[in-house]
Asks: 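Below are the structure tokens for one structure; questions will follow.
Chain identifiers are assigned alphabetically (A, B, ...) following the order of the sequence lines, protein sequences preceding nucleic acid strands; residue numbering begins at 1 within each chain. These numbers come from the heavy atoms of this one structure, side chains and all, not from hydrogens, waters or symmetry mates.
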There are 4 protein chains.
Amino acid sequence: MAGPNGSLSEDPGKRQAILEQSIRCFAELGFRGTDVQQIADRAGVGKGTVYRYFHSKEDLFWATTLDVFWRLEKVTNEAQERVEGACAKIRAAALAYAEFFESNPLCLEVFIQERAEFRGDAPELHREYHKKLIARFEQVLQDGIASGELRSVDTYKTVHAIGSLLYGTVVFGGHLTELSPIEMAKHNIDTFLRGIRSKESLAAETEFVTGSREQ
Amino acid sequence: MAGPNGSLSEDPGKRQAILEQSIRCFAELGFRGTDVQQIADRAGVGKGTVYRYFHSKEDLFWATTLDVFWRLEKVTNEAQERVEGACAKIRAAALAYAEFFESNPLCLEVFIQERAEFRGDAPELHREYHKKLIARFEQVLQDGIASGELRSVDTYKTVHAIGSLLYGTVVFGGHLTELSPIEMAKHNIDTFLRGIRSKESLAAETEFVTGSREQ
Amino acid sequence: MAGPNGSLSEDPGKRQAILEQSIRCFAELGFRGTDVQQIADRAGVGKGTVYRYFHSKEDLFWATTLDVFWRLEKVTNEAQERVEGACAKIRAAALAYAEFFESNPLCLEVFIQERAEFRGDAPELHREYHKKLIARFEQVLQDGIASGELRSVDTYKTVHAIGSLLYGTVVFGGHLTELSPIEMAKHNIDTFLRGIRSKESLAAETEFVTGSREQ
Amino acid sequence: MAGPNGSLSEDPGKRQAILEQSIRCFAELGFRGTDVQQIADRAGVGKGTVYRYFHSKEDLFWATTLDVFWRLEKVTNEAQERVEGACAKIRAAALAYAEFFESNPLCLEVFIQERAEFRGDAPELHREYHKKLIARFEQVLQDGIASGELRSVDTYKTVHAIGSLLYGTVVFGGHLTELSPIEMAKHNIDTFLRGIRSKESLAAETEFVTGSREQ
DNA sequence: AATGAATGAGTCTTCATTCAT
DNA sequence: AATGAATGAAGACTCATTCAT
């Protein structure tokens with residue numbers, strides 16, 4: 001299995017070159033704004049070659065986003081593995097997430113383009129990868145609860161809360177504030193871990209303390 | 001004040017009709033994917049009329065996002081005014097935010113398109129409105145701190161943290177989970193208010209309790 | 001007869017205002033490049049009014065060129081009348097012609113536009129006026145021949161030769177040389193009157209002297 | 001040197017076909033009146049191909065006028081080379097000029113369009129070619145003066161006078177008279193060479209004979 | 001396998017003309 | 001009579017995709 005094109009013999013270097021320039025173009029110009037010719041030019045190959053490696057512009061886009069996803073997953077996983085404890089792992093992953101996008105702003109744009117252009121219509125393959133990432137994080141939370149480090153939260157919801165917070169932080173926070181995504185992410189994840197209510201307030205309203213979600 | 005076209009006499013109904021169909025089209029097809037002809041057709045006017053009311057497709061887009069922003073601002077403000085106390089106001093606004101986008105999913109798409117297509121290049125007017133919204137929220141936090149309901153957080157950062165969380169929740173959470181944006185938002189904002197750490201954990205690590213942000 | 005629109009009551013001042021701005025617009029932007037709205041704006045009337053006074057953009061253009069023609073005819077006629085003798089009249093008319101276009105470069109552009117946009121498809125009315133002008137000039141030449149001031153040239157051809165020379169001078173000469181149209185016209189008409197051959201050359205080749213046109 | 005598109009490999013036949021149909025379309029419909037689609041259709045290529053060979057409609061137009069200019073230059077140069085003597089060369093070139101436009105009336109229209117649409121805004125390249133043509137003609141006049149065939153005229157002005165006369169003849173004369181451009185040109189150039197004043201008149205007014213140009 | 005020339009459907013925008021007020 | 005809002009046909013230019021070399 002050499003790639004999406006089955007038995008075709010491919011040059012991995014060429015494939016990677018195309019992918020790298022795709023990130024640049026899609027990030028800078030958007031999916032619709034990108035001319036496949038430009039990707040070919042920047043990658044130093046003919047336009048026909050781009051179509052040989054990726055069947056269509058859309059396929060190329062999905063391959064691009066998947067590539068970015070993998071890189072993101074890698075850095076967050078590695079960050080987690082370097083520390084112990086649920087909070088530490090969450091913080092480390094959050095930091096790595098923000099650092100990745102701050103170091104690779106083009107990757108952020110690609111993510112945003114994906115959501116904007118294709119809503120939730122990602123290929124099944126992409127969803128699979130996403131679910132795996134979620135599951136991995138849920139385990140971290142579960143471990144934290146088991147060890148008494150975290151209170152007994154709904155891990156499914158909380159993973160998504162953290163994901164939402166981080167996504168919002170890099171997308172929304174990063175460009176509307178004068179603070180760097182990393183600074184914002186640090187602050188946000190810590191605040192998320194601790195909450196913003198005062199001790200007195202928490203002590204007074206026990207129903208909140210239990211983290212119940214009914215209304 | 002007749003609109004962006006100065007002294008031109010305009011039919012407000014027609015303007016509104018164009019704007020409404022713009023939301024639909026931009027949301028369903030994206031900015032680039034939308035043909036102005038389609039907006040005109042759906043609004044029941046000639047294409048030339050669209051260009052009379054809005055000078056270009058881009059202007060129309062900005063008018064559309066501003067319209068959505070106003071509606072969003074209105075519901076969150078009204079929600080805040082109906083309750084007392086910082087936490088209650090924050091929760092109410094967050095709920096209203098999520099409810100708005102759940103009831104008007106097209107508006108959410110428009111927001112996403114804005115970010116995707118134009119990065120941070122919103123017109124000055126839009127930035128102004130944004131700043132006002134932020135300032136209003138900061139005051140709520142400030143009041144909460146003054147009254148002892150909230151601990152002494154950095155209001156600027158925290159407002160953005162909440163904004164990021166909510167944005168992430170409706171954009172990211174809403175489409176990757178099987179939970180509704182409203183459910184997610186409720187959970188996330190409560191979690192954010194309370195934090196996810198256990199009492200024991202908090203008691204043990206006092207430096208976190210103070211909300212310090214150093215690394 | 002109030003104008004091309006028969007019995008309609010018209011305001012001559014308004015009509016003239018439209019005509020004047022038409023010259024400016026057609027000259028600066030060309031026939032196709034001119035937006036009727038701009039003429040209306042500059043003339044301080046509504047676009048509908050332009051169409052009331054002139055039935056179409058093309059009609060307005062013809063009215064504009066006719067207006068220019070009349071002004072040109074007027075100055076050349078008056079120049080002729082101020083002097084006596086064929087050569088003097090020809091020179092005076094030529095000078096007036098060049099002066100007119102140098103003082104009113106917009107009028108020149110209108111003439112050029114007419115030729116470019118409509119080839120020889122001028123309305124009959126325009127042709128009539130043209131013929132009258134030609135006839136008038138032929139008479140001047142005829143008188144010059146009768147008085148012995150001019151040799152016995154073909155007046156029809158020669159009138160057109162002069163017309164061609166002057167037209168070419170203001171159109172071609174005026175914009176390709178660093179000399180003013182007036183200077184060029186003076187030089188050209190004098191050269192045309194005298195010829196460029198040396199006396200000796202003329203004396204030697206008598207067949208040329210007779211101005212025969214056979215070949 | 002492949003053309004204006006640098007290293008693009010081009011089919012000269014296709015390029016020529018487009019150019020030929022451009023002449024037809026621009027001549028028949030004017031620059032603004034021509035739809036590039038029509039040129040493509042007539043040339044039997046896709047519209048995209050037209051834009052591959054010429055970057056824009058305007059570029060195509062300039063390439064068209066330059067093509068015409070070269071053809072005109074070629075016939076006039078060849079005509080001059082076939083004869084000896086200044087008068088003969090001038091007559092030959094004038095005849096060739098008129099013959100060219102009579103045989104290729106579309107080329108004339110293209111020249112007229114150029115002047116009408118772009119005033120003097122021709123690309124530098126075009127101006128260069130023009131200057132070369134002028135210089136060549138000036139040399140002919142200079143030689144004629146040196147040999148005693150012509151009187152001592154200002155060669156710069158006189159070249160432009162001849163150019164103006166010929167331009168006027170084919171543009172103005174050709175369409176306002178029932179005579180052919182060739183007939184008109186023959187007559188006009190001979191008249192220009194000889195002048196139209198009688199011998200007696202010339203003998204009487206010596207100041208004219210010297211060709212002085214002051215008023 | 002690699003290329004890039006060719007294509008034509010698709011899109012934004014303009015503007016002459018009409019007609020209701 | 002005067003206006004200018006509304007219209008939609010028209011036209012320049014782009015670009016994803018194909019396919020002959």
Asks: Heavy-atom nearest nucleotide on DNA chain F for B/Val50 versus D/Asp35: which residue maps closer to 5'?
Replies: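 The residue mapped nearer the 5' terminus is B/Val50.
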Asks: Given that both distances must come in under 3.5 Å, which nucleotide forms a Watson-Crick or G-U wobble pair with F/dT14?
Replies: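 The base-pairing partner of F/dT14, which may sit in any strand shown, is E/dA9.
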Asks: By nearest nucleotide on DNA chain E, pick out whichever of A/Lys14 and B/Thr34 is the more 5' one.
Replies: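 On the 5' side of the pair lies A/Lys14.
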Asks: Take atom CD of A/Gln38 and atom P of E/dG4, then tell me their distance rounded to the nearest Å.
Replies: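 Rounded to whole Å, this separation is 16 Å.
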Asks: NZ of A/Lys57 versus C1' of F/dT17: gap in Å, rounded?
Replies: 12 Å
Asks: In whole Å, I'd like the distance from the NE2 atom of D/His55 to the P atom of F/dA12.
Replies: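 Value for this atom pair: 18 Å.
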Asks: Does C/Tyr51 place a side-chain N or O at less than 4.0 Å from the phosphate oxygens OP1/OP2 of F/dG4?
Replies: no
Asks: Which whole-number value in Å describes the distance from B/Arg15 CZ to F/dA5 C1'?
Replies: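 Atom-to-atom, B/Arg15 to F/dA5, this comes out as 15 Å.
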Asks: Tell me which nucleotide among F/dA2, E/dC12, E/dT3 gets nearest to the side chain of A/Thr49.
Replies: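 Selected nucleotide: E/dT3.
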Asks: With both distances under 3.5 angstrom, what nucleotide forms a Watson-Crick or G-U wobble pair with E/dA20?
Replies: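 Paired with E/dA20, as far as the under-3.5 Å criterion goes, is F/dT3.
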Asks: The side chain of B/Val36 lies closest to which of these nucleotides: F/dA2, E/dC12, E/dT17?
Replies: E/dC12
Asks: Send over the distance from A/Leu29 CG to F/dT14 P, rounded to a whole Å.
Replies: 14 Å
Asks: Using whole Å, report how far CZ of D/Arg32 lies from C1' of F/dA12.
Replies: 12 Å
Asks: Return whichever of C/Lys47 or B/Glu58 has its heavy-atom-nearest nucleotide of DNA chain E closer to the 5' end.
Replies: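 The answer here is B/Glu58.
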Asks: With distance as the sole test, does D/Asp11 use its side chain to make a donor-acceptor pair with the main-chain N or O of D/Lys14 at under 3.5 Å?
Replies: yes
Asks: Find the distance B/Leu60:CG to E/dT13:P and express it as a whole number of Å.
Replies: 10 Å
Asks: Looking only at heavy atoms, which two atoms of A/Ile39 and A/Phe26 are closest? And how far apart?
Replies: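 Of all heavy-atom pairs spanning A/Ile39 and A/Phe26, the closest is CD1-CZ, 4.1 Å.
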Asks: When the aromatic ring centroids of B/Phe54 and B/Trp62 are compared, is their separation below 6.0 Å?
Replies: no
Asks: Measure the distance from CZ on C/Phe61 to P on E/dT17 and round it to the nearest whole Å.
Replies: 14 Å
Asks: Roughly how far apart are B/Arg24 CZ and B/Glu20 CD, rounded to 0.5 Å?
Replies: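 Nearest 0.5 Å value for the CZ-CD distance: 10.0 Å.
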Asks: Measure from the side chain of D/Arg52, starting at C-beta and using heavy atoms only, and say which of F/dA1, E/dA6, F/dA6 lies closest.
Replies: E/dA6
Asks: Can you see whether B/Phe31 has B/Lys57 sitting over its ring - NZ or CZ less than 6.0 Å from the centre and within 45° of the normal?
Replies: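 Pair B/Lys57/B/Phe31 counts as cation-pi.
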Asks: Which sits closer to the 5' end of DNA chain F, D/Gly48 or B/Gly46, going by the nucleotide each is nearest to?
Replies: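 Looking at the nearest nucleotide for each, B/Gly46 comes out on the 5' side.
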